[in-house]
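To start, the structure under review is shown below, and the notes come after it.
If you read the sequence from its start, that first residue is 1, and numbering goes on from there.
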Amino acid sequence: MTENVVSQQTEAPETSPAEALADFRRHIQRYADHNASLPLDTQASCPDCGEVRTARFERKGKHVTLTWDCQRCGHPSVAHHDAIWTDLASPLETSHTHTLTGSRIRPVIRGLPRTIETLCPACCSVIIGRYFVRDGQVWIEKACPEHGYFRDKISADVGLFSKASWWSFHEHPGQQRPQRTGEGTCPGDCGLCSQHLSSPVLAQVDLTNRCNMRCPICFANANAQGYIFEPPYEEIVRQMQELRDMRPTPTTAIQFSGGEPTIHPDFLKIIRTAGEMGFSHIQIATNGMTMSDLDFAQQCHDAGLHTLYLQFDGIGEAAYVETRNHPGIWKKKLAAIENCRNVGMKVCLVPTIVKGINDDQIPGIFQFALDNIDVISGISWQPVSFTGRMSVEELEAHRYTLGDLGRDLADIPQANLVALRDLYPVGTVLPLSELLEAISGDPKIRASCHPDCAFGTYFLVSPTGQAYPWPSVVNVEGLFWDMYEHAQRIKKKGRFTWLDKLRLLRMFKRHWRPESAPPDLDVKRLIRTIMGMVDKKVGRGEGEKQTYKTLLCAGMHFQDRYNFDVERVKRCVILYSTSAGVFPFCTHNCGPEYRYLTQAEYMQPTSPTEPTQTLETNE
């Protein structure tokens, strides 16, 4: 779970929840007419002297340009890659141009500088901004008509950022039955709207805002809001059913979050029900405190829980002083991991990374994962996202980007990682979903998120604990493009034949690099390992003995109002089911922060010091 350095304390709205939500949606869209046409006045950094000057977006021929009025440099003008005022099309013939309900799809823009729709950090209205390059880094800047100019860093490494931009495949057509069908301004018509393009890879349901900890960087601001949010079992089931009813792809993976989800009084019953409803992967975002009890961990496993998405900011007690301030937490986390090992559950470590606070913990966390590869399946690095008003100086001091993460991972000797070779956006694996769907005829979840959202790699981990990045062992680019093309051919002819099976085997052999691979790994075992990642019948239990140990190492930078890009949120694959609809992660938690409005129906006033439930109430 992504968390914030500064959290807002929001009181329950005085109007009805539905009225408050409608008012907020109108507020977000208040500049829609202002943004609709060119020319458009703004403020931006002069490309020659770097000073912030008045500027204007305007059309010159087929191009959208930004022209400055600079007292020192005159009127420099720069063409921008644009899909806001320009009717661009995706370069892939398989891409959809409109959603299933008729909204126009703006394709992913790969070049820089580019125009974007973003948010004002002060008022949360949709405004126009741009991405640009300065000193080898990618920045965002924007100007609100009311609140003025803002700037933030998007990536510390333009090379990694640009590589990721080119690794997306065709655009997806969204939902058959979006809950909101109007043509409002994204994210002002959220919940899901007709402009949303992706289906969830992992869906979320908040069970409670109560917690057994008081973390300074919690985006949920649990235990400090003056109210309890804890929907009853029946409402949780309704929200899960909404996810299972999504089309064209029913949701198959779910994560329960909070607060601390394990303290919901019906927690174990909810886990069992999720399995009965057809969710094939069930995990929880947890601090691990309750899981340090072996009996409770066993009950969770028996109920059908598969994975802990474990808050994990560093190694040793000292690593948690500034981020968690909870004495004894390190011992609890070690006990939770050991209990998962004993009962047969997996753990994904989730470090929230704050520059200057715990970014020095990255090498130790990686080594810890290698040392415990039998139980740890991945590391989900999460650069911190911010709420509240912050100065440019504060942002620059603590902003940690995926570019920073790429460089830090490359500096770990035991990772054997070359950032530009080994790191890819999450959507690179989409051809695998396409291929499995073409073979089986059943819809599969697709990692069709925006290439700016997340990147990482898989490591093959030998029995001696040596890490081999996948791209050093397999020609990833050739493999996935071939896989994509094979999937389209199979779909076109409508059947999977023995000849296709032979072609796929040859495809893996063609892109296999045996000279760089672990000595005990061959192509056949590699293929079985890939299947084990998408099918628990292959990758868990006895089947796990025939696969090779792997470690997912990926960073996902959830957005906030400073670095928000509307096109990213349209492609979000981490969706929240709520009483008010289904919301992308970055609109629910850390951009517009719909969380406070969607929870209003089940808010109950309480004292901030009210104690949380204990372990015994979970049964």
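A donor-acceptor contact shorter than 3.5 Å is absent between the side chain of Thr86 and the backbone of Leu88. Of the possible polar contacts, one joining the Arg561 side chain to the Gly591 backbone as a donor-acceptor pair under 3.5 Å is found. Side-chain atoms of Asn416 come within 3.5 Å of backbone N or O of Ala467 as a donor-acceptor pair.
Between the CG atom of Leu119 and the OG atom of Ser125 there is a distance of 8.5 Å, given to the nearest 0.5 Å. Distance check, rounded to the nearest 0.5 Å: CE of Met603 to OH of Tyr227 gives 3.5 Å.
Under the ring pair (Phe, Tyr, Trp, His ring centres under 6.0 Å) criterion, Phe57 pairs with His80, Trp85, sequence neighbours left out. Partners of Asp33 under the side-chain hydrogen bond (donor to acceptor under 3.5 Å, both in side chains) rule, at least two apart in sequence or in another chain, do not exist in this structure.
Taking the side chain as every heavy atom from C-beta outward, Tyr131 and Ile140 approach each other to under 4.5 Å. Residues Cys190 and Pro592 are not in side-chain contact: their nearest non-hydrogen atoms beyond the backbone lie 4.5 Å or more apart.
Residue His27 places its NE2 atom among more than 12 non-hydrogen atoms of other residues, nucleotides or ligands, all under 6.0 Å distant.
Contacts classified as salt bridge (Lys or Arg N to Asp or Glu O under 4.0 Å) and involving residues 42-53 (residues at least two apart or in different chains) are not found.
Of the residues Val582, Asp206, Val205, the one that meets the side chain to side chain contact (heavy atoms under 4.5 Å, CB included) test with Tyr576 is Asp206. Applying the side-chain hydrogen bond (donor to acceptor under 3.5 Å, both in side chains) test between Tyr149 and each of Lys142, Glu141, Gln43 identifies Glu141 as the sole match.
Phe480 and Phe169 have their aromatic ring centers separated by at least 6.0 angstrom. When ring centroids are compared, Phe366 and Phe459 come within the 6.0 Å threshold.
The aromatic rings of Tyr594 and Phe583 sit tilted relative to each other, their planes meeting at an angle between 30° and 60°.
Classification of Asp404 and Lys355 as a salt-bridged pair fails, no side-chain N sitting under 4.0 Å from a carboxylate O.
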